[in-house]
Amino acid sequence: MNDQPGSRAELPRQYDPASIEERWAQFWVSEGLFDVKTPPPGADAHAFTVLLPPPNVTGNLHMGHMFEHTETDILVRWRRMLGHLTLWVPGTDHAGIATQMLVERQLATEGTTRQALGRAAFVERVWQWRAHYGGAILSSMKRIGDTVDWSREYFTMDDNLSHAVREAFVRLHEQGLIYRGAYIVNWCPRCQTAISDLEVEHEEQRGKLWEIRYPVVGAPSEFLTVATTRPETMLGDVAVAVNPLDERYTHLHGKMLTLPLVGREIPVIVDDWVKSDFGTGAVKVTPAHDPNDFAIGQRHNLPSITVMDETGHMNVEAGAYAGLDRYVARKKVLEDLEAQGLLGAARDHVNAIGYCARCQTVVEPRLSTQWFVAVNKPAREGGPTIASLAIAAVQPDASGQKPIRFTPENNEKVYLDWMTNIYDWCISRQLWWGHRIPAWHCATCRKITVAREDPTACAHCGSAEITQETDVLDTWFSSGLLPVTVFGWPTPDGLPTPDLTAFYPTSLLVTGFDILFFWVARMIMLGCWFMQDIPMPNGSQRPLAETVPFREVYIHALVRDADRQKMSKTKGNVIDPVTIVEKYGTDAVRFTLASMASPGTDIAFNEARTEGYRAFANKIWNAARFIFMNVERAREAGITVDAGMLGHMPSVPPYAPIEARWIAARIHSVAHEVNTALGEYRFHEAANTVYQFFWGDFCDWYLEIVKLRLDFSETADKAYTRAALTMLLQTFETALRLLSPIMPFLTEELWHALFNGEPPAKSIALSRYPQGDPQTGTVEAAFALLQELIVAVRGLRKDLGVEEKLS
RNA sequence: GGGCGCAUAACUCAGCGGUAGAGUGCCACCUUCACACGGUGGAAGUCGUAGGUUCGAAUCCUGCUGCGCCCACCA
């Protein structure tokens with residue numbers, strides 16, 4: 001008759017997660033239990049701060065998210081219960097290229113395009129998309145019990161964050177660290193934008209290495225043979241390069257060649273970069289379509305001829321081939337060369353083809369004008385570079401401590417290798433969805449004005465003929481700033497905001513390997529760079545260790561399907577966490593993920609395992625039913641347990657029954673082990689330890705023995721029964737707290753019920769986490785002996801065919 | 001071309017120097033008043049392969065085989 005939360009009346013025989021989870025999820029949010037007020041300056045709050053990797057608003061949460069959120073939430077709940085001021089900041093990411101592509105796809109199904117819509121209308125469409133998916137993501141997070149601070153939830157294109165992005169851009173520009181220029185970049189002909197090296201996926205493919213004979217001018221019947229994998233680019237050749245030491249070609253140095261099919265004359269040049277032992281030892285130089293060729297072109301002052309447009313079709317410079325798709329052009333070029341007898345051998349050749357990570361189109365290296373961040377250039381003579389700070393941030397400082405620590409450790413090496421070999425970062429994208437670059441081009445003097453506020457005139461010549469740059473910023477430029485921007489950077493006075501003082505550096509980042517370079521590295525780069533100028537609260541210079549965006553990075557594994565396949569929408573093997581959660585209960589799914597979360601090992605998610613943990617939840621539920629039932633019986637017999645005894649680690653006098661001394665020792669051991677495991681991100685160990693304790697020790701042994709002690713008859717020794725009952729309740733209550741970071745819903749429900757609706761705190765999540773001392777093992781050893789004896793007797797009984805009821 | 005990871009019970013995975021573990025599944029018995037999403041008992045692995053170190057190796061080292069991943073401007 002009483003279905004209020006926290007009522008202990010008449011629990012059903014079977015645990016039904018659906019009947020309680022929505023209720024508690026709502027309660028946690030509506031009560032604002034995990035919202036954190038900024039502590040006043042000077043308060044020593046022991047903050048534990050985590051920034052949630054903002055999910056992309058490209059779709060709903062997937063199992064990988066739930067895994068990441070589960071691990072983080074376990075740690076966050078644990079830290080909170082340890083008494084830290086615990087802040088977990090949620091948000092969502094606009095995910096420029098990814099989201100734009102999905103909306104374009106949606107438009108395609110409606111028979112239209114973004115171009116037909118126009119920029120403003122298209123962006124409006126993307127905002128609608130974002131409203132839908134962003135909302136879905138946030139409600140899923142609530143459903144799975146993430147204890148984030150909802151009052152601080154953000155979207156990467158919120159006004160304040162956009163403002164910060166702009167400030168960062170302007171500041172880097174002022175420091176001479178942002179430049180614009182024509183360079184070879186990875187270009188996706190489908191997305192029609194530049195993409196970064198990281199957004200290119202390489203795949204080895206069998207192809208051909210074609211040899212083409214270039215006639216030598218003034219020497220009839222003499223040729224210089226080059227080798228290429230992309231013959232169509234020859235139309236843009238401006239030279240042929242050979243190694244200066246290659247004696248085969250010494251006589252051709254400085255000679256001119258006739259570029260086949262085009263007729264243009266191009267020089268033979270020498271460059272160390274050319275490897276004599278590859279191909280023919282002669283390289284065609286196409287500066288507009290190859291990064292190495294571009295570098296050669298720079299060294300030798302060669303022109304660049306672009307023969308392909310932004311859609312991957314040949315342009316007017318390609319003459320007769322203009323308008324052809326790049327692969328059609330390739331075929332035709334080969335045919336025409338063949339016809340002219342200029343095509344040599346076509347050798348089998350394996351090389352790595354680059355694909356756009358978003359749409360899988362083959363990427364084209366292309367000369368185009370882009371914006372870059374100079375990562376290896378100091379802002380002032382002798383000063384640090386962005387990369388140098390990001391390198392120092394993971395290496396031991398003067399005190400021998402690493403400002404940032406990676407778990408698993410080997411990720412540190414991967415990070416360092418990447419950061420030490422880093423190139424300038426191309427941050428411009430020819431997209432419509434994102435932060436527009438705050439630069440204005442002057443039609444009069446052609447110069448560029450970069451400004452904090454939208455200018456009305458050119459800063460150089462005063463002309464009003466200015467138009468804003470159409471490019472937007474790489475998504476990761478804005479998300480890379482999040483650790484500072486969510487806490488109020490930039491500040492008008494250049495001093496740390498109260499939030500920065502209290503919460504920066506954040507304590508921990510839990511994220512996947514796939515965004516180690518994209519995001520983790522960029523946060524370190526930008527965080528260290530901008531925070532070096534923000535003094536410490538006492539006005540002193542901020543040391544490197546206080547500029548880092550986070551002190552620890554935990555890199556989690558990947559969730560795969562039961563067959564170890566990577567989950568992907570195209571394969572159709574994506575597991576929707578909400579579906580699974582509705583089927584088994586959130587706690588069972590969380591427990592599954594935790595129990596399999598061994599650092600560094602991918603998870604093959606299979607439901608069979610979840611079924612097992614659903615049974616575990618049911619076991620806990622029924623243990624509670626049993627206990628509550630006995631509390632009720634005891635009350636009827638005039639025996640009550642002092643609620644003041646609850647909330648502490650069970651302790652027993654030496655004369656207490658052995659099972660009481662044993663379970664007390666066990667829960668101390670278990671608490672100790674679980675705390676240690678969580679401190680080392682060993683989720684599976686924590687989960688298995690509590691599982692083993694609750695089912696194996698508490699239910700199978702302790703509970704069975706306690707049954708014999710609970711005598712409510714008239715003649716019973718009430719003090720004796722009361723002591724047993726107290727110990728039982730105390731242990732159970734402790735176990736609930738121990739379990740609650742992993743199974744927050746069930747433990748919340750039972751905890752409130754245990755206190756009969758009058759718990760000592762609004763939520764079990766606000767209670768204290770059990771702490772235990774390692775045990776000497778004497779009681780445990782003695783009890784183990786007893787267990788062995790009982791098992792032996794049971795076996796004997798079975799062997800002899802004695803009926804169990806006879807005892 | 002560099003670098004990394006994994007191979008343990010039918011399945012999914014722990015263990016990582018000292019007598020092989022868990023969940024699921026399987027077999028037998030038990031519907032006993034918390035729970036059949038249960039209880040009790042049980043079967044099940046020459047820990048990929050070949051060597052080496054050690055008193056002792058699934059656990060450390062080396063080679064091999066098979067998967068998988070990351071990084072890379074040799075046309």
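For the numbers below, each heavy atom of this structure counts, side chains included, while hydrogens, waters and symmetry mates do not. Below, read A as the first sequence line, B as the second, and so on, with proteins coming before strands; counting in each chain starts at 1.
Rounded to whole Å, the P atom of B:rU32 lies 16 Å from the corresponding atom of B:rU40. Comparing the P positions of B:rG52 and B:rA57 gives an interatomic distance of 12 Å, to the nearest angstrom. If you take atom P in B:rA72 and the same atom in B:rG66, they sit 27 Å apart, rounded to whole Å. Separating the C1' atom of B:rC16 from that of B:rC61 is a span of 14 Å, rounded to the nearest Å. Taking atom P on both B:rU12 and B:rG48, the two are 15 Å apart, rounded to the nearest angstrom. Atom C1' of B:rG56 sits at a distance of 8 Å from the matching atom of B:rG17, rounded to the whole Å. For the C1' atoms, the distance linking B:rG45 with B:rA7 amounts to 14 Å, nearest Å. B:rG51 and B:rA10 are spaced 31 Å apart, taking the C1' atom of each and rounding to whole Å.
Set against B:rA75, B:rA34, B:rU24, the side chain of A:Thr229 has B:rA75 as its closest nucleotide. Distance from the side chain of A:His349 is smallest to B:rA75 among B:rC37, B:rA75, B:rC71. Closest to the side chain of A:Trp418, out of B:rA34, B:rA72, B:rG38, is B:rA72. Distances were taken from every side-chain heavy atom of A:Phe513 (C-beta onward) to each of B:rC73, B:rA34, B:rC70; the shortest belongs to B:rC70. When each of B:rA75, B:rA14, B:rC13 is scored by its nearest atom to the side-chain atoms of A:His684, the top-ranked nucleotide is B:rA14.
In this structure, a donor-acceptor pair under 3.5 Å is absent between the side chains of A:Glu211 and A:Thr280. A side-chain N or O of A:Glu607 and one of A:Tyr584 form a donor-acceptor pair less than 3.5 Å apart.
Below the 3.5 angstrom threshold, one finds no donor paired with an acceptor across the side chain of A:Tyr584 and the base of B:rC37. Judged by distance alone, with hydrogens and angles left aside, A:Gln14 brings a side-chain donor or acceptor within reach of the base of B:rC37, the pair sitting under 3.5 Å. On a pure distance criterion of 3.5 Å, a polar donor-acceptor pair joins the side chain of A:Glu704 and the base of B:rA34.
The phosphate of B:rC35 (OP1 or OP2) has no side-chain N or O of A:Arg614 nearer than 4.0 angstrom. Between B:rG23 and A:Arg609, no contact under 4.0 Å exists linking OP1 or OP2 to a side-chain N or O.
Annotation: A:Lys275, atom NZ; neighbour count of heavy atoms from other residues, nucleotides and ligands within 6.0 Å is above 12.
Base contact: A:Tyr423 has a heavy atom under 4.0 Å from a base atom. A:Tyr691 comes within contact range of the sugar-phosphate backbone alone, with a heavy-atom separation under 4.0 Å but no base atom that close.
Between the P atom of B:rA22 and the CG atom of A:Asp697 lies a distance of 14 Å, rounded to the nearest Å.
Salt bridge annotation for A:Arg633-A:Glu636: absent, with no cationic side-chain nitrogen under 4.0 angstrom from a carboxylate oxygen.
Geometrically, A:Lys707 engages A:Phe626 in a cation-pi contact, judged by NZ or CZ lying under 6.0 Å from the ring centre and within 45° of the ring axis.
Along RNA chain B, the nucleotide nearest to A:Lys275 and the one nearest to A:Ala624 differ in position, and the one closer to the 5' end is contacted by A:Ala624.
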